[in-house]
Protein chains: 2
Amino acid sequence: MNDSLIQAALQLRQHIDQFATLSDEEWNELLPHLSIIHLKKHQLLATQGIVANQVGFVLEGVFRQFYTKDGEERTTYFFFDQQLIAAYMSCITARPSPVNIEALSEATCLVFPYPVLKALFSQYAGWQEFGRLFAEYVMVALEERMAGLLMLSPEERYLALLEGDQRHILQRVPQHYIATYLGITPVSMSRIRNRIVAK
Amino acid sequence: MNDSLIQAALQLRQHIDQFATLSDEEWNELLPHLSIIHLKKHQLLATQGIVANQVGFVLEGVFRQFYTKDGEERTTYFFFDQQLIAAYMSCITARPSPVNIEALSEATCLVFPYPVLKALFSQYAGWQEFGRLFAEYVMVALEERMAGLLMLSPEERYLALLEGDQRHILQRVPQHYIATYLGITPVSMSRIRNRIVAK
DNA sequence: CCAAAACGATAACAAAAGATAAGAACGGGT
DNA sequence: ACCCGTTCTTATCTTTTGTTATCGTTTTGG
């Protein structure tokens with residue numbers, strides 16, 4: 001196990017500790033299953049139609065998760081450094097993933113198989129607790145995302161993005177991806193930007 | 001503890017068993033905290049702005065969960081018999097609930113305090129597992145709801161409702177509530193219905 | 001270093017949804 | 001049986017978004 005892997009594993013453990021504190025013994029169960037992968041721009045970490053079985057942790061780079069339908073893409077989420085990333089729904093349900101996860105830049109990830117995590121859930125109290133708290137965290141994020149789509153107009157969603165915690169997305173991601181994230185076309189988003197500066 | 005409460009508790013246990021199997025000991029920890037409440041039509045089980053601390057299980061009746069903004073309402077979910085129901089996000093985060101939960105008919109619920117459940121999570125492996133699996137279940141439902149809002153046009157969402165697992169909603173809920181569930185106005189939904197029968 | 005592709009702004013037109021108001025159908029309660 | 005409130009439809013008008021196409025500008029890859 002080389003230096004960069006040890007270093008990366010430490011970052012992952014710190015991230016996981018934000019959800020639940022694991023004993024050294026519990027943590028060490030995951031350690032041997034970790035590996036590092038590099039992705040080129042536009043390479044996929046998870047592919048629509050394929051059952052996902054890999055969980056990643058972004059060490060460097062930007063990712064987007066998106067659906068496709070009739071050749072059109074809709075982005076559901078962006079991921080940045082120090083975030084867990086997976087087609088989690090596919091892992092959980094063991095059904096083919098409805099989403100793709102794509103690197104938007106050169107990227108480096110720590111990865112491990114979901115089946116390993118699932119086994120840890122049932123064997124260790126600390127991991128089980130992490131599993132609950134992580135699912136609850138994702139749940140809250142999804143609820144907020146859904147509420148935004150249901151309650152706000154496209155213009156309000158853009159403004160919310162401008163002023164919210166996620167402001168950094170605008171600096172790091174091309175606008176046409178953001179348009180699909182807001183559920184509108186790039187043309188419409190350009191108009192919205194225009195309306196806003198006019199005010 | 002009277003007969004109807006015992007009967008209701010049995011139903012709840014069967015429902016919970018669909019997520020994780022609890023030992024009798026684990027189950028008995030919850031039992032003394034259960035009670036039955038009746039709600040009249042339009043009465044609220046959870047109120048916007050108030051921290052929720054109650055989890056319910058619908059014995060009879062129909063509920064909706066909805067946001068309000070500028071006096072307008074948007075329904076996020078409908079609940080029917082034999083479903084767990086709570087402003088779960090508020091329970092988890094201990095922040096004021098962004099949503100209301102309203103009875104759409106005379107209703108009967110089994111209820112218990114969320115803090116009791118939370119304590120069970122950390123004390124019993126079976127409950128902790130239930131906590132994870134339930135959160136994952138909600139997560140999957142939310143992801144599908146979000147994907148619908150992001151990927152489908154209002155007309156497609158209505159058609160998906162017509163043809164999907166949730167078809168029964170249409171029979172049991174007034175249409176103007178369904179319109180807000182689809183993220184459109186009742187007028188617009190009426191037009192969509194009109195377009196569809198014309199085909 | 002250059003050609004090709006990607007990106008973003010803008011214009012013109014079509015399609016859809018929101019706002020508002022008016023009216024029909026239905027049900028519950030007195 | 002009758003009134004009143006709720007629900008749903010329909011019509012009109014306005015606003016917004018989608019669609020398609022064009023045109024600079026920037027970025028990318030060979």
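For the numbers below, each heavy atom of this structure counts, side chains included, while hydrogens, waters and symmetry mates do not. No experiment lies behind these values; they were computed from the predicted model shown.
As rounded to whole Å, 12 Å separates atom C1' of D:dC8 from atom OH of B:Y158. Rounded to a whole Å, the CD atom of A:E156 is 17 Å from the P atom of D:dT15. Summarising the geometry, the separation between CG on B:D70 and P on C:dG18 is reported as 15 Å, rounded to the nearest angstrom. Summarising the geometry, the separation between NZ on B:K69 and P on C:dG18 is reported as 13 Å, rounded to the nearest angstrom. When rounded to the nearest whole Å, the span between CD1 of B:I192 and P of D:dC8 equals 15 Å. C:dG8 atom P lies 11 Å from atom CG of A:L170, rounded to whole Å. We find that CG of A:L104 is positioned 15 Å from C1' of D:dT27, with the value rounded to whole Å. One can place CZ of B:R172 at 17 Å from P of D:dT7, the figure rounded to the nearest angstrom.
Closest approach of A:A20 to A:L133, counting heavy atoms only: CB-CD1, 4.2 Å. Across all their heavy atoms, B:G61 and B:S105 have their closest contact at CA-OG, 3.5 Å.
In the helix from C:dC1-D:dG30 to C:dT30-D:dA1, the end axes, each obtained as the rotation axis mapping the C1' atoms of four pairs onto the next four within a five-pair block, lie 50° apart to the nearest 10 degrees.
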List the atom pairs, with distances to 0.1 Å, where a side-chain N or O of residues 111-125 of chain B and a protein N or O form a donor-acceptor pair under 3.5 Å, not counting sequence neighbours.
| unit_1 | atom_1 | unit_2 | atom_2 | d |
| --- | --- | --- | --- | --- |
| B:S122 | OG | B:A119 | O | 3.2 |
| B:Y124 | OH | B:E29 | OE2 | 3.2 |

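The closest side-chain donor-acceptor pair between B:T76 and B:Q65 falls under 3.5 angstrom.
Using a cutoff of 4.0 Å between basic side-chain nitrogens and carboxylate oxygens, A:E72 and A:R74 are scored as salt-bridged. Comment: A:E155 does not engage A:R193 in a salt bridge, judged by the lack of any side-chain N to carboxylate O separation of less than 4.0 angstrom. Between A:E106 and A:K41 no salt bridge is recorded (no basic side-chain N to carboxylate O distance below 4.0 Å).
The side chain of A:H176 contributes no N or O atom lying less than 4.0 Å from OP1 or OP2 of C:dA6. Between A:S188 and D:dG18, a side-chain N or O to OP1/OP2 separation shorter than 4.0 Å is present.
Sorted by first then second residue, the salt bridge (Lys or Arg N to Asp or Glu O under 4.0 Å) pairs that include residues 124-152 of chain B, not counting sequence neighbours, are A:R95-B:E144, B:R132-B:E136.
Aromatic rings of B:F78 and B:F63 (six-membered ring for Trp) have centroids beyond the 6.0 Å cut-off, not under it. Taking the six-membered ring for Trp and the full ring otherwise, B:Y177 and B:F66 have centroids separated by 6.0 Å or more.
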Check against side-chain hydrogen bond (donor to acceptor under 3.5 Å, both in side chains), B:S153 and B:E156: CA-CA 5 Å; B:S153 67; B:E156 289 170 322; 3.3 Å; yes

Discussion item. Set out, in order, the CA-CA distance, both residues' side-chain angles and the distance that settles side-chain hydrogen bond (donor to acceptor under 3.5 Å, both in side chains) for A:E102 and A:Q43, then state yes or no.
Written reply: CA-CA 6 Å; A:E102 176 194 26; A:Q43 202 174 336; over 6 Å; no

Practice item. Could you go through the side-chain contact (heavy atoms from CB on, under 4.5 Å) check for A:W27 and A:T21 one step at a time? Key: CA-CA 9 Å; A:W27 170 251; A:T21 308; over 6 Å; no

Show each protein N/O and nucleotides 27-30 of chain C N/O combination with a separation under 3.5 Å, one pair to a line.
none

Below 3.5 Å is the cut-off: list the nitrogen or oxygen pairs between protein and nucleotides 28-30 of chain D, distance only.
| unit_1 | atom_1 | unit_2 | atom_2 | d |
| --- | --- | --- | --- | --- |
| D:dT28 | OP1 | A:K41 | NZ | 3.4 |

Polar atoms only, N or O, under 3.5 Å: list the protein pairs with nucleotides 9-11 of chain D and their distances.
| unit_1 | atom_1 | unit_2 | atom_2 | d |
| --- | --- | --- | --- | --- |
| D:dT9 | OP1 | B:R193 | NE | 3.2 |
| D:dT9 | OP2 | B:Q175 | OE1 | 3.3 |
| D:dT9 | OP2 | B:S190 | OG | 3.3 |
| D:dT9 | O5' | B:S190 | OG | 3.3 |
| D:dT10 | OP2 | B:N194 | ND2 | 2.4 |

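At distances below 3.5 Å, at least one donor-acceptor pair connects side-chain atoms of B:Q83 with backbone N or O atoms of B:F80.
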